[in-house]
Amino acid sequence: MNSSINAVLDTGSELAPQPAEPSSFPAEHTHLPPEWRTQARQQKQQARFRFYAFGLLPVAAWGLLSGITLALPDKPAGFIEEWPYTHEFGVTALSFVVLWAIFTVLASFRQLPPTLERINASFRYVAPWLVASGLIFALWELLTAKLGILEPPFFAPPSSLFDAYINDYARLADSAYNSVKLLLEGILWGTAVGFVIGVSIGWSQRANYWIHPVLRLIGPLPPTALLPIAFVFFPSSHAASVFLIALATGFPVAILSWSGVASVNKAYYDVARTLGASERFLIFRVAIPAALPQVFVGLFMGFGASFVVLIVAEMMGVKSGLGWYLTWAQGYAAYASMYAALIVMTIIFSSLISLLFTVRNRVLVWQKGTVRW
Amino acid sequence: MVAVLRKQDTPAEHAPAASATGTASRIQVEQVSHGFNTPTGPLGVLEDVSLDIAPGEFVALLGPSGCGKSTLLRLVAGLEPATAGTITQDGTPITRPDPSRIVVFQDPTLFPWRTVWNNVALGPEAQKEAQRYSLPWLRSLGGAFTGSTTGSRTPDSAVASQKARVDAALQKVGLESFAKSYPHQLSGGMAQRVALARALVNNPRLLILDEPLGKLDSLTRLELQSELVSLWQKNGFSVLLVTHDVEEALFLAQRLIIFSPRPAKIIAEIAVDQSYPRHRGDPALARLRHEVLNHLGLGTSW
């Protein structure tokens, strides 16, 4: 980590200004005059402990959350006298208060071993977000369970998510598993086929002649529009969904692979040809690597489209998955379960995109100045 | 630049040991004309150009911008076929690109996704792959009839020597410590040096230089000019250089060929009989420079 990143990580320490760079002093001060040496040593000792005052804010925010949850009574709403798991939620919030307090004390020590220093740096980095999240949860709990301003059952308090996760764990996990399986199957097919199609129409005139018009016609059609027909055409709703997810992923991947291959600097081919490259080499070692940055943009767009198709397909025909779970929960007016499912969905989709960016950053290390996810 | 050479009559003998070991090609361009079809009708680029490059000779092509010099290079490289006329390398007609004739372009055109080392290794890698995937069973079948053994696999020792070749090429241009860098981390001069190493690793018999120093700053350019001379003297290949810089041509080449505006015709040939290393302030070179500028219609500015 370079110093500029450290400076960013250190935002939390603005309230507790550091003494001038104590750790940057050389380990041995023998080259310094004696009076400087003692001064340096004193400065070092002073800097061992410096209270990290900003750390009190996450403690306070989460303290407020647990206080509101545990101390205030729930407002009865309809058939709900008291929300379940309120106590557990409050206790959990309280345990986070203790955790943040421990981290705050730890972050007050300087010149620790590298592992602890890294933990401190991370804590300082996330501290502002910890404050914000504590306050948001507190406000949420207050407006729903405690004051009833946001009306139940449409607005469930955060504590009720506990209920959903604990009591409906099996169904939710099964739905998530089925969604991920279906999604990955579709994405893999779509990526593979889209990439091959894109590269071939970028490379070969004949492939371009035959495939380009079809792409132009079918591509802009939202795959969700094909849903009802696909359920009839395919032997199972699963196969239909895989096809539609693949279509949604494949179209942007194909278009951007094509544009990537078509826009390769022609001089690269001249260079490779004079060096004795075969056509195979020109495709696999010149055209495709040069097109990869665009292919990844296509994948990013394709992922987004595939998420839409997945959820709509599950809502309309597939008898499992998170989309199905949402409609099922709606049928029972189990709004807390819907929020719980939405959070699971967010985590899954966001992780997939993060994974994509991780792979991209690995593959495209040679690029400079790219966006970090 | 180690060898100080005596002034001799035939230009080819300036290049030490080149023609003797057979590492250089003779290039013969005979009555070549070339044109493009444009929407406004055919456009003549080269008109009846004949040119003979002796093995190990350093020839520079000079002419007004856009006159078709670079097109001639592309024809010699085998990137395009000529509309009329023949171009031969050691008596064999040139029909396609070949690693024995390597082009260095004005832009280094390094592959940005490859490290410096892997860029230099491009030629050996491409040639190996071309060999591996060119229907070896057909090749060995052909070999059975003709008795040739070109279809055989590359032995491990060849791989090791290939690695050594890449290292050596990088060392020749003084960039061995940048082997793991990516092209975007290099300066213009360094990138062009890598492009030179990428050419040299193939042991070319003809080096085709298309304004290779055109985009560099003037100090780097002078530095690389000297390096080009010493690389040429050490390796002994023939060189065909296109440049806009009269001084550069006179500093580097044994023979200057001056083209007219498009369609390009040869209007003059000037032999530069100075020994290497040359000196930029040499009055003989200054006289020749005047002569060249006269041919290019710029003599009045002398």
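Reminder, nothing fancy here: chain letters follow the sequence lines and each chain counts from 1. No experiment lies behind these values; they were computed from the predicted model shown.
When heavy atoms are compared at a cutoff of 4.5 Å, B:Arg198 approaches chain A by way of both its backbone and its side chain. Heavy-atom distances place the side chain of B:Asn202, and not its backbone, under 4.5 Å from chain A. Using a 4.5 Å cut-off between heavy atoms, B:Glu125 touches chain A through backbone and side chain atoms alike. In this structure, no portion of B:Ile208 lies under 4.5 Å from any heavy atom of chain A.
Panel note: side chain B:His184, backbone A:Gln367; no donor-acceptor pair is recorded below 3.5 Å.
Within the 4.5 Å cutoff, the side chain of B:Val103 has no heavy atoms near those of the A:Asp270 side chain. Using a 4.5 Å heavy-atom cutoff, the side chains of B:Tyr182 and A:Val365 are in contact. Side-chain atoms of B:Trp113 and A:Pro293, non-hydrogen and from C-beta on, never get closer than 4.5 Å to each other. Put simply, the side chain of A:Phe281 reaches to within 4.5 Å of the side chain of B:Leu122, judged on heavy atoms.
For the residue pair B:Pro97 and A:Thr274, the shortest heavy atom distance occurs at CB-CA, 3.8 Å. Across every non-hydrogen atom of A:Tyr268 and B:Pro112, the tightest pair is OH-CD, 3.2 Å. Listed here is the closest heavy atom pair of B:Thr109 and A:Ala267: CG2-CB, 3.5 Å. Of all non-hydrogen atoms in B:Phe111 and A:Val286, the two that sit nearest each other are CE2-CG2, 3.7 Å. Heavy atoms only, all atoms of each residue included: A:Ala277 and B:Ala126 are closest at CA-CB, 3.8 Å.
By the 6.0 Å contact criterion, OH on A:Tyr177 is open, its count of non-hydrogen atoms from other residues, nucleotides or ligands being 12 or less. Heavy atoms from other residues, nucleotides or ligands lying under 6.0 Å from NZ of B:Lys180 number 12 at most. At most 12 non-hydrogen atoms from other residues, nucleotides or ligands lie less than 6.0 angstrom from CH2 of A:Trp189.
Rounding to the nearest 0.5 Å places CZ of A:Arg273 at 12.0 Å from CG of B:Asp98. One distance of note links NZ of B:Lys128 with OG of A:Ser278; it measures 13.0 Å at 0.5 Å rounding.
Heavy-atom pairs under 4.5 Å with chain A were tallied for B:Gly78, B:Ala77, B:Gly123; the largest tally goes to B:Gly123.
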